[in-house]
Q: 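Structure in structure tokens, see below.
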Amino acid sequence: MELLDGLNEPQQKAVTHEEGPLLILAGAGSGKTRVITYRLAYLVKERGVSPYNILAVTFTNKAAEEMQERVDNLLGYSTSSLWIGTFHAISVKILRQDIEHLGYDKNFVIYDTREQEILLKNIMARLRIDPTEVHPRAVQREISRAKTLLKTPERYLVKTGSFFQEAVLKVYQEYEKEMKKSRALDFDDLIMKTVQLFVYVPAVLDRYQHRFKHLLVDEYQDVNHAQYRWINLLAGRNGNLCVVGDPDQAIYGFRGADIKNILSFEEDYPQARVVRLEENYRSSANILSSAQELIQWNLGRKEKALRTQRGAGPPVMIREFASEGEEASFVVEESQELIKKRQYQEKDIAIFYRTNAQSRILEDSLMKAAIPYRIVKGLRFYERKEVRDLLAYLKILYNPEDKLSLQRIINTPRRGIGKASWEALLDEAERLGITPYEALSRSQDIDLSSRQRSRLQKFYELIEDLRREIAGNEIDHLAHKVLGKTGLMRELEEEGTDDARSRIENIQELFNVMQEVDGVGMEALEEFLAGVALVAEIDTLDPEKGGLTLMTLHASKGLEFPVVFMVGMEDGFCPHSLSTEPEEKEEERRLCYVGMTRAKDRLYMTWAHSRQIYGNRFSREPSSFLQEFSPETFQEEDPESSEGKVESKEDFPLGSKVLHPTLGIATVISKKGKGDKLTLTLAFPNKGIKDIMVDYVDLEVLN
DNA sequence: CTTATGATAATTTTT
DNA sequence: TTATCATAAG
């Protein structure tokens with residue numbers, strides 16, 4: 001079977017697995033994407049499964065697009081009936097169809113984190129909750145956490161809670177009411193409402209269960225509880241559920257992802273078949289073994305024996321600098337060197353950092369050196385005021401009940417409708433039990449000066465006028481009308497500053513996105529708005545554009561580069577100073593592992609003795625993670641035999657765990673001497689690094 | 001209602 | 001360093 005040519009044995013097993021649950025434990029660089037796409041193609045081509053009966057869930061839109069493209073290539077035709085998308089995107093599709101069963105309007109808008117925060121602040125102000133005492137951000141996280149655990153306000157607090165929890169409960173209740181009035185759903189709602197739909201309306205669940213005879217979920221290690229239920233319900237008891245993931249790459253715990261979902265898959269689905277992909281096709285031996293040594297420090301792992309066919313390659317290069325400026329210079333100069341020697345092109349090189357704020361100095365240095373680069377910070381684009389303003393207009397046109405968008409645009413650009421008028425409008429709506437937009441339509445009745453009333457009236461007519469433009473028009477045409485009729489564009493053009501010009505450019509960029517939407521009218525508007533709400537950072541990485549790539553460690557997941565620089569490898573960044581709990585530390589270590597395993601040939605890890613943060617200069621210490629592996633394990637000269645040596649001849653392979661009679665469990669990080677002179681360098685999680693002569697101590701090999 | 005000013009706060013990762 | 005917020009003057 002040609003489809004299986006070039007796949008190794010476990011890969012083939014994963015691809016050809018027939019019925020029932022399947023867990024694919026895919027180590028870093030083990031050809032995971034290949035296996036998934038081949039499996040999808042295999043089901044269709046060899047098993048005669050209709051694409052219509054398959055659902056594939058990915059983590060980002062980018063992954064979904066790539067997968068769609070690769071499956072189409074393998075099949076030789078395009079499969080539009082095969083659903084591939086993120087949890088959120090697929091949930092939107094389902095909810096548009098069926099959410100009315102839950103008493104919600106199907107023309108909902110999606111509120112992103114930013115809008116959610118504004119709404120929460122509004123509510124807290126109204127409830128007179130002091131934001132310095134109860135932080136809106138904390139409330140936001142708590143509500144998100146609750147939704148992730150499928151807890152409605154009614155189920156949020158069964159008993160009495162802390163002061164904070166009681167406050168959250170009040171806000172949460174109000175928040176839900178407001179969201180419903182605005183016909184809005186937040187990210188967590190998309191998942192939770194879908195689960196509720198499945199649970200409360202069995203006919204709907206039944207329909208989708210029948211449709212999706214095969215389910216495939218990528219990045220299963222980063223699934224949260226709501227998503228777990230979502231999958232679990234669709235798969236039914238004995239469904240053909242294939243999940244793919246790597247517990248060592250679970251890095252979204254902060255967002256509610258629960259690594260236990262993948263760790264206990266075999267208990268959830270006792271008939272599950274497990275396939276391990278342990279052959280690494282990406283990294284050279286030194287990089288891989290260093291990463292392996294690092295990850296060994298995490299407890300409670302599913303042990304994996306990653307192997308590579310590749311040569312030793314250079315060791316992991318750890319460099320220290322006096323300041324972040326010198327660190328950036330090194331990255332730039334080293335990159336130039338690699339490019340000059342024609343070993344690599346710009347696009348082969350990536351720089352990873354922990355926080356977005358770290359990118360600035362790197363960008364400056366690259367710019368000065370005239371090195372082209374592309375950066376993953378897409379959300380910043382949608383954070384821009386001008387972009388959000390235009391989007392708010394479009395959202396109001398789609399759904400006039402969207403109070404937050406109305407609030408945003410009612411006086412943008414300035415039209416003399418200030419806080420007092422807005423509040424009078426809200427009071428009127430409240431008094432009559434109607435929505436703000438309805439109140440606006442009867443603005444003449446509001447208790448305001450006739451001047452203010454006519455301003456409101458004019459605004460209402462503007463929106464109504466624009467609403468008539470929706471039908472039959474393409475989205476970019478509609479947006480042009482908005483820019484023209486509202487005076488948004490005129491305001492920018494008249495300003496004439498550099499800043500204004502760059503804002504016009506941003507709007508132009510938004511038009512590029514609009515042009516990708518086919519169709520006209522309400523449907524196109526709907527598709528565009530949902531698409532915009534659900535973009536991930538990484539989705540904005542332009543694959544066409546060349547240049548060095550900059551991104552956060554989180555964004556790097558799933559990618560690979562011949563050369564990787566990991567900068568800012570300091571305590572405080574990596575692990576991050578806000579990650580203090582042991583579980584959080586382990587997640588930080590996994591994040592570091594993810595970064596390291598992106599590198600194919602050369603991996604640099606750098607840190608600076610001093611660094612400016614929030615305007616102040618701080619003294620920094622190297623990341624404790626750097627001490628958890630020895631950079632050089634394999635000799636360059638003879639990669640084949642040195643690999644063999646480690647594997648076969650010794651009792652204490654590098655990276656293995658041993659039990660020391662008094663000091664406890666440790667990891668073997670290097671070895672010296674032979675026979676009874678054999679000395680191991682052992683790394684103890686709490687007691688540091690010690691040299692131990694094997695002959696004197698009874699060491700027990702674990703695993 | 002708008003604008004300017006300065007205080008103040010908050011700074012992890014993101015669908 | 002930056003964004004956001006409150007206050008006071010125009």
Side-chain angles (χ1 to χ4, degrees), chain A residues 57-64 85-92 110-114 116-118 121 125 131-132 135-138 140-141 144 147-148 185-192 219 222-224 226-227 230 250-257 352-361 376-380 382-383 385 410-423 448-449 451-452 455 530-540 551-557 568 572-580 584 587-588 590-592 594-595 611-617:
Chain A
V57 186
T58 60
F59 207 62
T60 63
N61 297 301
K62 185 169 174 271
T86 63
F87 276 104
H88 294 86
I90 288 168
S91 295
V92 169
I110 300 164
Y111 277 2
D112 65 17
T113 322
R114 190 84 192 81
Q116 193 182 17
E117 195 187 338
I118 296 169
K121 278 183 185 161
T132 57
H135 292 238
R137 287 271 177 85
Q140 187 175 26
R141 278 184 56 173
S144 173
K147 290 189 173 183
T148 279
L185 296 182
D186 63 32
F187 290 142
D188 300 306
D189 284 333
L190 295 176
I191 312 295
M192 186 166 80
E219 309 281 12
D222 284 322
V223 159
N224 66 33
Q227 291 166 329
W230 194 104
I251 54 174
Y252 285 96
F254 70 92
R255 211 169 72 189
F352 302 156
Y353 34 78
R354 180 61 222 275
T355 68
N356 273 306
Q358 290 168 261
S359 72
R360 215 181 139 157
I361 183 145
V376 181
K377 54 170 183 182
L379 289 187
R380 299 264 173 90
Y382 290 101
E383 302 260 301
K385 183 185 177 308
I410 197 165
N411 199 29
T412 311
R414 310 263 112 87
R415 46 174 77 89
I417 303 174
K419 204 173 153 208
S421 306
W422 169 247
E423 272 168 8
L448 279 170
S449 69
R451 183 184 156 105
Q452 290 311 320
R455 281 173 171 167
V532 164
L534 298 177
V535 281
E537 291 220 326
I538 193 71
D539 295 336
T540 63
M551 68 180 87
T552 62
L553 284 166
H554 280 87
S556 76
K557 192 170 73 165
F573 275 150
C574 204
H576 197 277
S577 48
L578 296 178
S579 298
T580 46
E584 295 174 317
E587 179 152 312
E588 296 285 317
R590 291 194 291 267
L591 190 56
C592 188
V594 166
R611 181 179 298 272
Q612 206 170 24
I613 301 169
Y614 322 131
N616 291 355
R617 190 152 279 286

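All values below were derived from every heavy atom in this structure, side-chain atoms included, with hydrogens, water molecules and symmetry-related copies excluded. A, B, ... follow the sequence lines: proteins, then strands. Residue 1 opens every chain. Since the model is a prediction, treat every value here as computed from it, not as a measurement.
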Q: Could you pull out all residues at least two apart from Asp188(A) that satisfy salt bridge (charged side-chain N to carboxylate O under 4.0 Å, His left out)?
A: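 With sequence neighbours excluded, Asp188(A) shows a salt bridge (charged side-chain N to carboxylate O under 4.0 Å, His left out) to no residue whatsoever.
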Q: Which residues pass the side-chain hydrogen bond (donor to acceptor under 3.5 Å, both in side chains) test with Thr148(A), not counting sequence neighbours?
A: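 Thr148(A) satisfies side-chain hydrogen bond (donor to acceptor under 3.5 Å, both in side chains) with no other residue.
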Q: Looking at Thr552(A), I'd like to know whether one of its side-chain N or O atoms comes within less than 4.0 Å of OP1 or OP2 on dT14(B).
A: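 Yes, Thr552(A) has a side-chain N/O under 4.0 Å of OP1/OP2 on dT14(B).
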Q: Going by the rule salt bridge (charged side-chain N to carboxylate O under 4.0 Å, His left out), which residues pair with Arg137(A) if we only count those two or more places apart in sequence or in a different chain?
A: Glu117(A)
Q: Go through the structure and list residues passing salt bridge (charged side-chain N to carboxylate O under 4.0 Å, His left out) with Glu587(A), not counting sequence neighbours.
A: Arg590(A)
Q: Quick check against the 3.5 Å criterion: does His554(A) have a side-chain atom that pairs as donor or acceptor with the backbone of Ile251(A)?
A: yes
Q: With a 4.0 angstrom cut-off to heavy atoms of chain A, pull out the first and last contacting nucleotide of DNA chain C, in 5'-to-3' order.
A: dT1(C) to dC5(C)
Q: Atom OH of Tyr614(A) to atom P of dA10(B): distance rounded to whole Å?
A: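 From Tyr614(A) OH to dA10(B) P: 12 Å.
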Q: Among residues at least two apart in sequence or on other chains, which ones pass side chain to side chain contact (heavy atoms under 4.5 Å, CB included) with Arg617(A)?
A: Ser323(A), Glu324(A), Ser610(A), Gln612(A)
Q: Please tell me which of Trp422(A) and Phe87(A) maps to the more 5' nucleotide of DNA chain B, matching each residue to the nucleotide holding its nearest heavy atom.
A: Trp422(A)
Q: Could you give the distance separating dT4(C) and dT13(B) at their P atoms, to the nearest angstrom?
A: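 Looking at atom P only, dT13(B) and dT4(C) are 15 Å apart.
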Q: Please enumerate all residues that pass side-chain hydrogen bond (donor to acceptor under 3.5 Å, both in side chains) together with Thr113(A), with sequence neighbours excluded.
A: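 Partners of Thr113(A) under the side-chain hydrogen bond (donor to acceptor under 3.5 Å, both in side chains) test: none.
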Q: Considering only nitrogen or oxygen atoms on both sides, find all protein atoms under 3.5 Å from nucleotides 2-9 of chain B and state each distance.
A:
unit_1	atom_1	unit_2	atom_2	d
dT2(B)	OP1	Gly416(A)	N	3.1
dT2(B)	OP2	Asn411(A)	ND2	2.9
dT3(B)	OP2	Arg414(A)	NH1	2.8

Q: Does a side-chain N or O from Arg137(A) land closer than 4.0 Å to OP1 or OP2 of dT11(B), or not?
A: yes
Q: Assign each of Arg455(A) and Ser579(A) to its nearest nucleotide of DNA chain B by heavy atoms, then name whichever residue's nucleotide is nearer the 5' end.
A: Arg455(A)
Q: Using side-chain hydrogen bond (donor to acceptor under 3.5 Å, both in side chains) as the criterion, list what pairs up with Ser579(A), not counting sequence neighbours.
A: Glu588(A)
Q: May I ask you to verify if any side-chain N or O of Asn356(A) is less than 4.0 angstrom from the OP1 or OP2 atom of dT14(B)?
A: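 It does, given that an N or O in the side chain of Asn356(A) lies less than 4.0 Å from OP1 or OP2 of dT14(B).
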